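As structure tokens, the structure follows; a few thoughts come after it.
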Amino acid sequence: MAVPSIPLSGGDTSGPSPRGGRSAVSSAIARAAPAAVSVGLLFAAWELYARYGGVRPTVLPAPSRVFGQAWENREALMDNAIPTIRATLAGFACSLSAAFLFSALVDFWPSLRRALFPLLIASQTLPLVAIAPLVVLWFGFGLLPKILLVALVTFFPMTVALVEGFGATEKEIGQMLRAMGAGRWRVFWLARLPSALPYFFAGLRISVTYAVVGAIFAEYAGAAKGLGIYMLNAKNNFRPDLVLAAVGVSAALTLVLFGLTVLVQRLAMPWERAAAERGGEGRQ
Amino acid sequence: MTRLELRQVRKRFGPLEVLAGVSLNVAAGEFVSILGPSGAGKSTLFQLLTGAEKAEGEMLFDGAPLDDHGSRFAFMPQRDALMPWRRILDNATLGLEVQGVPRRAARERVAPLFAEFGLAGFERAWPAELSGGMRQRAALLRTVVQERDMLLLDEPFGALDALTRAAMQRWLEAMWRRHHWTALLITHDVREAVLLSDRIYVFSARPARIVSEIKVPLPRPRTADASVAREAAVLEAGILDTLLGATDPQPSAQRRPKGDDHD
């Protein structure tokens, strides 16, 4: 028992571990292989059907055509992606701040939860198709209605994640802190907030995908520029290839944001990796 | 000199009576254990002492009513309650930080103790990288650096495997011989109580009363030689009998053979 079971000298643990090199890369490739194969097969089948199935390209363009057109129209696509990115990030930032504030209030005054959660849940039942044009009607074609719509779809999952995360604080940690003489604010700051981090990131991964969809929906309902309005125009011009190209851009955007949240989580929670390497052995 | 004294402390949660008049005392530098069956309300007693719950009856510390709970006790909860997001060094300084000691000064106070607690070299490790016994020692380190008047240990080794637990008990006894902390330990492990305590209060099942108070006159260290170990074993057997008799749900059928045994 008294013998340290892992050789560590002070200060070593903060640096990147040397064994993370090549084996990590090859194992990442091995893990990505099944997904690459299934996506490849899907595209191949689609390509074959579009070419030899007798469908017109104005109905179902082949993937090769979609990619070709995407490349040809890359400037227009980028031009329209930027406002979408802006709306997504601005809306998401607003929603995150609001969710944090609100969940903290709920944590301090649980009766707020009973007062406001029904309202929040109801907000999630609003069909975006119906609400997006109204929000645009009320707030115009600028950034504001997009921010509002992105916030509408992401606020609730983030709030729920945070409220649950605060609640997941180990009871004994709270008890111990109070015995140390910590007040409620201290307990919140020292224990409840860090305890909520895994829940926060789980919520973040889900809602960041909603955020992009929310922004595109808002643009679809009315905007000067953006992937949403680009899709609408392409559809009206009978250009499904360009619609799909824009869909591809928005999917790529979502994946990048998703990857960023994973990266931020790694940086923000370095102890998680230590726990994973240890694999729970020796605990209890 | 008596430090902690409880007189007829009662506690009920709604219709559920948990403590039915508990009186006990702990002297300065004394190691006292509360031994009782699971769910007897032992931990409730600690909640009263740390101020998490209110109760009837008198609780005195150094003769004065216990109102300023935070400043008297350093509390070590059942599981280690180490914060997974803090390195061991920062877990150890937690109590000092809450007291308002600046981080740097707190670290300077804690760092020299790592060797004595068998944690040298692990200052920068995450709790998840430590074994169960090491985590428990880190938790005790976090508890004693608060330099409070008295330690409250709530089944500190309950979650460890048997071998680690035995090693930790010996280690804690050695530590106590050196520091003579005033300590109140909650446990349901008879051997642990006999090994560590100067006195033992045996609790009944809920609602908890004190069934008996047992002085442990054995010389320390109690694991060193065979004769002491034999005496300890006799004491253990007697306490176990008291405990089983007090918790027996069907006294008529089973009490008699046990009683004969005892006599």
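Side chains are part of it too, since the values below use all heavy atoms of this structure and drop only hydrogens, waters and symmetry mates. Since the structure is predicted, the reported quantities are computational estimates derived from the model, not experimental observations. A, B, ... follow the sequence lines: proteins, then strands. Residue 1 opens every chain.
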Could you go step by step and tell me if B/Arg142 and A/Met180 meet the side-chain contact (heavy atoms from CB on, under 4.5 Å) rule?
CA-CA 11 Å; B/Arg142 177 193 59 202; A/Met180 285 171 171; 4.0 Å; yes
Shortest non-hydrogen pair, A/Ala179 vs B/Arg148, comes out as O-NH1, 3.9 Å
Side-chain heavy atoms of B/Asp154 within contact of A/Met176, under 4.5 Å:
no
Roughly how far, to the nearest 0.5 Å, is CG of A/Leu177 from CZ of B/Phe75?
11.0 Å
Spacing of OG1 belonging to B/Thr50 relative to CD belonging to A/Gln175, to within rounding of 0.5 Å:
6.0 Å
Chain B contacts: which residues in residues 195-205 of chain A have a non-hydrogen atom closer than 4.5 Å to it?
A/Ser195
Checking B/Gln136 against chain A: side chain, backbone, both or neither under 4.5 Å from a heavy atom?
neither
Over 12 foreign heavy atoms within 6.0 Å of CZ, B/Arg178
yes
Please state whether the side chain, the backbone, both or neither of B/Leu94 comes within less than 4.5 Å of a heavy atom of chain A.
both
Can you check whether anything in residues 148-165 of chain A gets within less than 4.5 Å of chain B, heavy-atom wise, and list it by number?
none
Crowding at CZ, B/Arg177 (>12 non-hydrogen neighbours, <6.0 Å):
yes
Of the non-hydrogen atoms in A/Arg186 and B/Glu97, which two are nearest, and what is the gap between them?
NH2-O, 3.1 Å
Residue B/Arg86 excluded, over 12 heavy atoms near CZ under 6.0 Å:
yes
Side chains of A/Ile173 and B/Met83, heavy atoms from C-beta outward: is any pair under 4.5 Å?
yes
Just checking B/Arg220: does its CZ atom have more than 12 heavy atoms from other residues, nucleotides or ligands closer to it than 6.0 angstrom?
yes
Would you say A/Pro270 and B/Trp126 make side-chain contact, with heavy atoms under 4.5 Å?
yes
